[in-house]
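No hydrogens, no waters, no symmetry mates; every other heavy atom, side chains included, goes into these values. Remember, it's a predicted structure, so these values are computed and weren't measured experimentally.
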Amino acid sequence: MTRAITLVCDNFADWETALINATGRGYYGFDCRYASPKGAIVTSMGGLRVTPDLALEDIRLDEVDLLMVCGGTVWQSPQAPDIRELLRAAKERKLVLAGICDGTRELARAGVLDHLKHTSNSADNLLAVGYAGAAHYQDVPHAVADQRVVTAPGSAPVSFMAQILGALGISDDNLTFYLGLHAAEHRQQA
């Protein structure tokens with residue numbers, strides 16, 4: 001069973017990791033858990049109140065296959081928790097590590113993106129944290145995966161889900177069908 005933890009803080013962008021958690025849990029039997037600073041209840045940008053399963057400080061990486069940083073306004077504020085060591089350790093363990101929207105800022109801040117292809121909401125969004133990976137930035141509207149690290153702009157939760165599942169080695173007809181359903185709204189009308 002794939003064990004996934006999503007890191008959430010107050011004002012997290014609830015739509016950004018909803019598809020990967022729902023698809024992983026519903027179709028592939030993932031154990032999906034949520035962690036927040038000190039295990040505190042958090043409220044999303046959309047008003048969804050989440051009681052986390054554990055505190056960020058209590059994450060044991062030997063019990064995780066996928067670690068995701070959900071975007072949200074906190075990552076551009078002084079209230080952002082310092083998760084750099086956790087992210088570096090997850091990368092060293094070769095866990096699938098994923099960040100979307102401003103969650104990518106934390107991957108950049110931790111040095112995880114210094115030598116990998118990656119994306120975010122914009123190049124300037126990552127330059128603001130003083131990272132060294134600007135030469136590997138991909139200015140694309142979809143998720144990017146490189147060496148089990150997945151990044152995406154906040155507008156790309158579908159490709160974020162697909163790239164994470166691919167990094168976990170999951171690819172089947174069910175996933176192809178599901179991705180087709182989500183992509184249908186982007187087809188050009190004649």
Side-chain angles (χ1 to χ4, degrees), residues 4-21 34-40 42-48 50 52 55-57 59 61 64 66-164 167:
I5 293 180
T6 302
L7 308 181
V8 293
C9 296
D10 268 326
N11 289 314
F12 72 97
D14 43 22
W15 66 92
E16 293 176 347
T17 59
L19 281 176
I20 181 58
N21 281 303
Y34 296 84
S36 71
K38 299 181 180 161
V42 294
T43 303
S44 75
M45 293 173 86
L48 178 67
V50 173
L56 288 174
E57 301 80 8
I59 293 173
L61 292 177
V64 180
L66 165 62
L67 184 64
M68 293 179 279
V69 184
C70 188
T73 58
V74 74
W75 302 118
Q76 290 194 37
S77 78
Q79 290 76 35
D82 185 352
I83 58 173
R84 290 176 292 185
E85 289 303 318
L86 177 68
L87 299 177
R88 287 180 197 127
K91 176 143 181 1
E92 282 191 25
R93 288 177 173 261
K94 298 185 179 7
L95 303 180
V96 173
L97 184 56
I100 186 168
C101 190
D102 280 345
T104 61
R105 290 170 64 98
E106 295 313 297
L107 297 175
R109 194 181 326 264
V112 169
L113 304 180
D114 287 354
H115 305 287
L116 303 175
K117 291 185 292 184
H118 60 277
T119 194
S120 181
N121 293 340
S122 70
D124 288 342
N125 190 42
L126 299 182
L127 289 171
V129 301
Y131 85 124
H136 304 288
Y137 183 79
Q138 310 288 297
D139 190 16
V140 295
H142 54 79
V144 171
D146 191 5
Q147 298 180 36
R148 298 177 61 86
V149 175
V150 179
T151 54
S155 58
V158 176
S159 61
F160 185 64
M161 171 196 65
Q163 290 290 344
I164 289 170

* Qualifying salt bridge (charged side-chain N to carboxylate O under 4.0 Å, His left out) pairs with a residue from residues 86-96, counting only residues at least two apart or across chains -> Glu85-Arg88
* Where Ala143 and Ala156 come nearest, the two heavy atoms and their spacing -> N-CB, 4.2 Å
* Structure fact -> Smallest heavy-atom separation, Ala108 atom then Leu126 atom, equals CB-CD2, 4.0 Å
* **Cys9 side chain reached by Trp75 side chain, heavy atoms, under 4.5 Å** => yes
* Do side-chain atoms of Gln163 reach the backbone of Met161 as a donor and acceptor pair under 3.5 angstrom? -> no
* Quick one: closest heavy-atom pair of Lys117 and Gln138, and the distance? => CG-NE2, 3.9 Å
* To do: Measure from the side-chain N and O atoms of Glu16 to the backbone N and O of Gly71, and report whether any donor-acceptor pair falls under 3.5 Å.
  => yes
* Is there side-chain contact between Phe12 and Met45, with heavy atoms separated by less than 4.5 Å? -> no
* **Close side-chain approach of Gln79 to Asp10, heavy-atom, < 4.5 Å** => no
* Do the side chain of Asp146 and the main chain of His118 share a donor and acceptor less than 3.5 angstrom apart? -> no
* Asked: Between Glu57 (side chain) and Lys38 (backbone), is there a donor-acceptor pair under 3.5 Å?
  -> yes
Could you tabulate the donor-acceptor pairs under 3.5 Å formed by side-chain atoms of residues 96-104, not counting sequence neighbours?
unit_1: Asp102; atom_1: OD1; unit_2: Gln76; atom_2: NE2; d: 3.3
unit_1: Asp102; atom_1: OD1; unit_2: Asn125; atom_2: ND2; d: 3.0
unit_1: Asp102; atom_1: OD2; unit_2: Gln76; atom_2: NE2; d: 2.8
unit_1: Thr104; atom_1: OG1; unit_2: Cys101; atom_2: O; d: 2.6
unit_1: Thr104; atom_1: OG1; unit_2: Ser120; atom_2: OG; d: 2.6

* Asked: Roughly how far apart are Ser155 OG and Phe160 CZ, rounded to 0.5 Å?
  -> 12.0 Å
* Structure fact -> Per side-chain contact (heavy atoms from CB on, under 4.5 Å), Ile5 is matched among Ile59, Leu61, Val69, Leu95 by Ile59
* Thr119 backbone acceptor or donor facing Thr151 side chain under 3.5 Å -> yes
* What is the minimum heavy-atom distance between Val8 and Cys70, and which atoms define it? -> CG1-CB, 4.2 Å
* Asked: If we only count heavy atoms from C-beta on, is the Glu106 to Leu7 side-chain gap below 4.5 Å?
  -> no
* To do: Determine the minimum heavy-atom distance between Pro153 and Asn121, stating which atoms define it.
  => CA-OD1, 3.4 Å
* **Interatomic spacing from OG1 in Thr6 to CD1 in Ile20 - rounded to 0.5 Å** => 8.5 Å
* So, does Asn11 use its side chain to make a donor-acceptor pair with the main chain of Gly72 at under 3.5 Å? -> no
* Asked: Hey, are the side chains of Leu116 and Leu107 touching, using non-hydrogen atoms and a 4.5 Å cut-off?
  -> no
